[in-house]
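To keep things clear, I will list the structure first and then write my remarks on it.
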Amino acid sequence: MASQGSGAPKKASLEGLEAKWDTAWAEQDVYRFDRTAKRPEVFSIDTPPPTVSGSLHVGHVFSYTHTDTIARYQRMTGKNVFYPMGWDDNGLPTERRVQNYYGVRCDPSLPYEAGFTPPGKEGLGADGKKLKQQVPLSRPNFIELCSELVAEDEKAFEGLFRRLGLSVDWSLLYETISDSSRRTSQLAFLRNLAGGHAYQQEAPSLWDVTFQTAVAQAELQDRDQPSAYHTLKFTRPDGSDLMIDTTRPELLPACVAVVAHPEDERFNQLEGQTITTPMGVEVPLRLHELAQPDKGTGVAMICTFGDTTDVTWWRELNLPSRAVINRMGRFTDEIPEVLTGEGRALYEQMVGKTVFSGREILVNTLTEAGSIVGEPRKITHPVKFFEKGDKPLEIVSSRQWYIRNGGREDALKAALVERGEQINFHPSYMRARYRNWVENLNGDWLVSRQRFFGVPFPVWYALDDAGEPIYDTPLVPDEDQLPIDPSVDVPAGFTEDQRGEAGGFAADPDVMDTWATSSLTPHIAAGWADADGGLFDQVYPFDVRPQAHDIIRTWLFSTVVRSHFENDVAPWRNAALSGWILDPDRKKMSKSVGNVVVPTDLLEQYGSDAVRYWAASARPGTDTAFDEGQMKVGRRLAIKMLNASRFALGMGVSVDSLQSPVTEAVDRSLMARLATLVDDCTAAFDDYDYARALERAESQFWIFTDDYIELIKDRAYGEGSSTSADGTESAHAALAQTLDTLLRLFAPFLPFATEEVWSWWRSGSVHTSGWPSASALRDIAGDTADPAIMALAGAALTELRRPKTEAKRSLKTRITSATITVPASERSRLEAAMADLVDSGNVDAYEITEGDELGVVAVLEPEPA
RNA sequence: GGACCGUUAGCUCAGUUGGCUAGAGCGCUCGCCUCACACGCGAGAGGUCACUGGUUCAAGUCCAGUACGGUCCA
């Protein structure tokens with residue numbers, strides 16, 4: 001047996017515990033994952049990799065604490081916990097931060113420049129003034145700067161998480177932009193391609209003109225925008241007017257048809273007839289059930305493309321394409337051939353203009369010509385935006401990569417819904433979010449992005465004799481070559497000088513959507529692509545994916561898709577959803593609102609255990625108000641833990657006391673309650689309900705300190721009026737058992753305070769000491785232990801204190817005589833506790849009578865003169 | 001418009017198969033330096049369980065509906 005601890009100190013404090021124990025845990029490898037453990041002995045966590053380019057946020061502290069309590073619980077039950085950390089340093093947020101931080105802009109056409117010095121740092125130039133212009137630089141240079149900056153950000157995150165006491169195994173750290181992650185992304189993509197699950201297509205897709213990239217359905221956001229209806233005068237075959245309302249008159253040159261509802265008797269007899277637009281173009285009138293008879297005049301114009309309904313009409317009605325908006329969000333100089341005469345002259349004025357200016361030109365011209373009638377009528381309506389963008393999305397036709405997700409195939413959709421059924425959601429109602437999302441998908445997952453800092457598609461195209469890419473048969477590398485950058489590496493059978501030449505080859509220019517990498521976090525963390533000595537089989541499918549509920553449709557779903565294709569299994573058995581932090585006014589905390597609280601200050605002020613207590617008090621999945629009051633409560637709890645332990649250990653309780661018998665009725669009652677508590681906490685943790693476990697443990701803890709310790713104090717000191725040596729030994733044994741049990745139960749929540757106390761009298765770490773056993777406590781309590789004795793004794797103690805408080809006397813005031821009334825059914829319990837009550841209540845003499853309610857009538861000793 | 005969550009003390013929240021007088025913390029009031037803790041301790045006040053109807057011997061809890069708040073998605 002290892003030597004026991006150094007004993008309780010004279011004064012205890014929380015200050016400095018974080019640094020002390022973080023260092024000790026690291027030195028002792030307390031959280032190290034055991035690579036020899038078999039899968040059934042493992043508990044694996046698919047940790048969310050935080051976006052390191054964002055600022056530190058109290059939300060990080062919140063949700064990561066939830067996961068850590070689960071990890072610590074599982075570790076104590078004997079599981080080998082696979083708890084990695086990852087940094088999400090891939091994607092748009094990093095790109096944007098690098099641009100602003102260094103004052104640079106990526107221009108992929110430029111060559112690499114060795115030893116490049118950026119114009120500034122932290123958004124400031126060498127002269128200390130704010131950077132205004134962005135210097136263009138090559139993609140490799142840009143990526144170098146990205147890596148440089150994220151390295152700094154990652155240090156700050158690791159510092160925060162260590163101080164918070166996350167029990168991650170830091171040797172398992174991964175980064176989403178590392179070679180290994182890029183290899184994983186590319187390998188999974190090539191497998192998807194080979195399996196027919198990935199494909200590319202030239203199709204209309206939502207396009208962000210600011211970021212110059214296509215965006216996926218999952219990244220869309222509807223925002224209410226001011227707009228206006230204009231009434232345009234089209235012409236029927238008989239020369240009469242056909243009025244059409246539109247909020248996007250500037251798309252008139254892209255009009256390919258007009259549409260009405262099949263059952264709208266005002267228009268359905270016009271089906272197939274030719275209508276002339278105000279720009280003199282002849283288009284057919286078609287019928288489709290998505291046309292809304294009650295909207296505008298009941299007839300709409302179909303343009304390629306104003307919104308996603310246009311795309312549906314275009315596809316289902318087999319209409320021609322007449323694109324006028326280019327990728328810059330401006331009117332193209334490729335003038336549609338159908339435009340002639342005045343219509344063509346009007347469009348020529350719009351060429352190169354933005355949507356907004358083009359609209360002004362068209363509206364003015366047509367109003368003057370009498371083709372727009374009446375005043376524009378202002379409305380507010382929802383418009384699609386990229387969630388990170390601030391300009392409305394346009395729809396442009398482009399060649400993009402897709403991964404199938406059931407949006408176009410019912411069988412796949414059903415299979416993915418079924419995968420969701422195989423995952424236990426915590427709380428369970430979160431499953432509905434998953435199911436709703438999957439069932440309502442209407443397109444495949446667009447995974448290509450026209451960006452720079454990301455994982456490139458590992459694909460080239462052979463060029464035909466005219467220098468045009470042959471898209472149908474992409475050239476791919478061997479799997480063991482990965483990762484590759486097709487803009488640098490050369491496909492087999494070609495040489496670098498054939499790049500871009502007719503008969504040569506060209507690289508796919510795009511990078512993958514950030515979710516295309518994030519959807520592989522289980523594979524990345526477990527080294528799937530690295531053939532890493534069986535680690536993958538040791539941990540996959542994972543036990544749990546912890547994450548926030550707002551990214552069920554993105555991160556959670558896309559991970560299910562990848563695992564479905566690659567492994568034919570759900571990626572985890574459980575999904576634990578955490579809520580959001582709200583500020584005290586119930587608004588979601590976000591940087592733009594300016595209500596973000598910096599977590600490092602909180603950890604400093606209240607201590608990590610206190611902040612963890614606040615986080616762990618929040619029910620799984622519920623949005624929670626930021627509440628410093630709860631942190632004060634947590635701090636009080638942690639301090640109390642130190643002091644109560646100091647009391648017990650200070651009177652001779654030691655590790656040996658754990659071997660002594662618990663004989664007194666009051667003590668046995670407490671043991672019985674502890675056994676129930678262990679059962680409750682175990683059940684709660686098994687259901688991922690850390691908050692319930694904490695609440696139960698806390699409530700028993702305060703009964704222990706406020707009632708039990710007060711009751712048995714004199715007996716424990718060996719000073720009670722009728723105390724025997726056995727009674728004292730029993731109190732010591734009960735104190736030791738309680739301390740032992742409570743330290744273990746609180747270890748997932750207050751890892752620092754519990755470890756500190758553990759070190760005073762035990763060897764090793766409380767975090768690897770094992771979860772307490774309810775049956776062992778029941779054995780100690782004995783069959784006849786009565787948990788109600790403690791409850792009654794506590795209530796009786798309150799009754800004995802009340803007369804003193806009401807008389808405004810000190811609690812040490814002696815009661816010269818007391819009459820205690822007790823219900824007959826409780827009498828034996830009271831008598832069992834009476835010896836301790838006499839001592840703790842300073843009662844000189846008493847008698848017991850039976851009555852309806854527990855109560856005390858007391859005569860106090862006279863006040864000293 | 002659809003789905004989901006919520007509404008219990010001034011505030012933040014518990015209340016698990018329906019079952020004693022609905023609980024906790026904070027805040028508030030009044031006290032107490034009691035040999036673990038004044039970063040503490042004790043006692044107390046404070047609730048029409050959103051509303052309406054139903055099931056039941058019994059409803060904060062189950063059912064139906066309404067209102068309000070919130071989240072996700074259209």
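Because only heavy atoms are used, hydrogens play no part in the values below, and waters and symmetry mates are left out as well, while side chains stay in. Below, chains carry the letters A, B, ... as their sequence lines are ordered, and counting in each starts from 1.
- No engagement by A:K10 is indicated, since no non-hydrogen atom pair under 4.0 Å with the nucleic acid exists.
- In the model, A:D844 has no side-chain atom that pairs as donor or acceptor with a side-chain atom of A:T816 under 3.5 Å.
- Within 4.0 Å of A:K640, counting heavy atoms only, lies at least one base atom of the nucleic acid.
- A gap of 15 Å separates the P atoms of B:rA50 and B:rC13, to the nearest Å.
- Atom CG of A:L577 is separated from atom C1' of B:rC4 by 12 Å (rounded to the nearest Å).
- With the nearest nucleotide of RNA chain B identified for both A:R619 and A:F647, A:R619 has the one nearer the 5' end.
- At a threshold of 4.0 angstrom between heavy atoms, the contacts of A:T798 are confined to the sugar-phosphate backbone, with no base atom among them.
- Toward the 5′ end of RNA chain B lies the nearest nucleotide of A:E710, the other residue of the pair A:E710 and A:P382 mapping further downstream.
- A:D706 comes within contact range of the sugar-phosphate backbone alone, with a heavy-atom separation under 4.0 Å but no base atom that close.
- Looking at the side chain of A:Y429, the nearest of the listed nucleotides B:rC26, B:rU71, B:rC4 is B:rC4.
- Following rounding to the nearest Å, A:E861 (CD) and B:rU34 (P) show an atom-to-atom distance of 13 Å.
- Atom P of B:rC35 sits at a distance of 14 Å from the matching atom of B:rG42, rounded to the whole Å.
- For A:D550, whose side chain is taken as the heavy atoms from C-beta onward, the closest listed nucleotide among B:rU34, B:rA38, B:rC72 is B:rC72.
- Taking atom CG on A:N440 and atom P on B:rG1, their separation rounds to 17 Å, with Å as the unit.
- Across the C1' atoms, B:rC63 and B:rG47 are found 26 Å apart, a figure rounded to whole Å.
- Counting non-hydrogen atoms under 4.0 angstrom, A:K713 reaches a base of the nucleic acid.
- In this structure, the separation between CZ on A:R636 and CG on A:L14 is 13.0 Å, given to the nearest 0.5 Å.
- Taking atom CZ of residue A:R433 and atom C1' of nucleotide B:rC72, one finds them 4 Å apart after rounding to whole Å.
- Contact annotation for A:R553: backbone-only contact, meaning every heavy-atom pair under 4.0 Å involves sugar-phosphate atoms and none involves a base.
- A:W702 has its CH2 atom 8 Å from the P atom of B:rG40, to the nearest Å.
- Ranking B:rU34, B:rG42, B:rC39 by closeness to the A:R635 side chain, first place goes to B:rC39.
- When the nucleotides B:rG25, B:rC72, B:rU21 are ranked by their closest atom to the side chain of A:E853, B:rU21 comes out on top.
- Counting non-hydrogen atoms of other residues, nucleotides and ligands closer than 6.0 Å to NZ of A:K632 gives a total of 12 or fewer.
- With a 6.0 Å radius and a threshold of 12 heavy atoms from other residues, nucleotides or ligands, A:K20 has its NZ atom above the threshold.
- As judged by a 4.0 angstrom heavy-atom cut-off over every strand, A:R814 is placed among residues making no nucleic acid contact.
- With B:rU34, B:rU71, B:rA74 as the candidates, the nucleotide lying closest to the side chain of A:D222 is B:rA74.
- The nucleotide whose nearest atom lies closest to any side-chain atom of A:K808 is, among B:rA3, B:rG42, B:rC30, B:rC30.
- Closest to the side chain of A:R801, out of B:rA43, B:rA74, B:rC30, is B:rA43.
- A sub-4.0 Å separation between OP1 or OP2 of B:rG44 and a side-chain N or O of A:K804 is absent.
- B:rA22 and B:rA38 have their C1' atoms separated by 33 Å, with the value rounded to a whole Å.
- Spacing of P atoms, B:rU21 relative to B:rG54, comes out at 24 Å, to the nearest Å.
- Between A:W614 and A:F62, the angle of the ring planes lies from 30° to 60°, which puts this pair in the tilted group.
- Among the protein residues, A:L649 comes within range of no part of the nucleic acid, since none of its heavy atoms lies under 4.0 Å from any strand.
- Between B:rU7 and B:rU61, the distance separating the two P atoms is 11 Å to the nearest Å.
- For the atom pair OG1 of A:T69 and CG of A:L694, the computed distance is 9.0 Å after rounding to the nearest 0.5 Å.
- Ring orientation note: the planes of A:F685 and A:F749 are close to parallel, at an angle under 30° on the 30°/60° scale.
- Which of B:rC32, B:rC26, B:rC37 sits closest to the side chain of A:R636 comes down to B:rC26.
- A:I423 has its side chain out of reach of A:Y434: every pair of non-hydrogen atoms, C-beta onward, lies at least 4.5 Å apart.
- In this structure, CG of A:N643 is placed 4 Å from C1' of B:rC37, rounded to the nearest angstrom.
- When each of B:rU34, B:rA74, B:rC4 is scored by its nearest atom to the side-chain atoms of A:W437, the top-ranked nucleotide is B:rA74.
- Look at the P atom in both B:rU52 and B:rG60: the space between them is 13 Å, to the nearest Å.
- Protein atom CG of A:D627 is 13 Å distant from nucleotide atom P of B:rC11, rounded to whole Å.
- No cation-pi contact links A:K640 to A:F704, judged by a cut-off of 6.0 Å to the six-membered ring centre and 45° from its axis.
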**Study point:** RNA chain B base-pair string [pairs: Watson-Crick or G-U under 3.5 Å; |: paired with another strand]
**Key:** (((((((..((((.....[...)))).(((((.......))))).....(((((..]....)))))))))))).
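- If you take atom P in B:rC37 and the same atom in B:rC41, they sit 11 Å apart, rounded to whole Å.
- If you run side-chain contact (heavy atoms from CB on, under 4.5 Å) between A:Y708 and each of A:D836, A:V666, A:I703, only A:V666 comes through.
- Remark: P of B:rU12 and NZ of A:K632 are 16 Å apart, rounded to the nearest angstrom.
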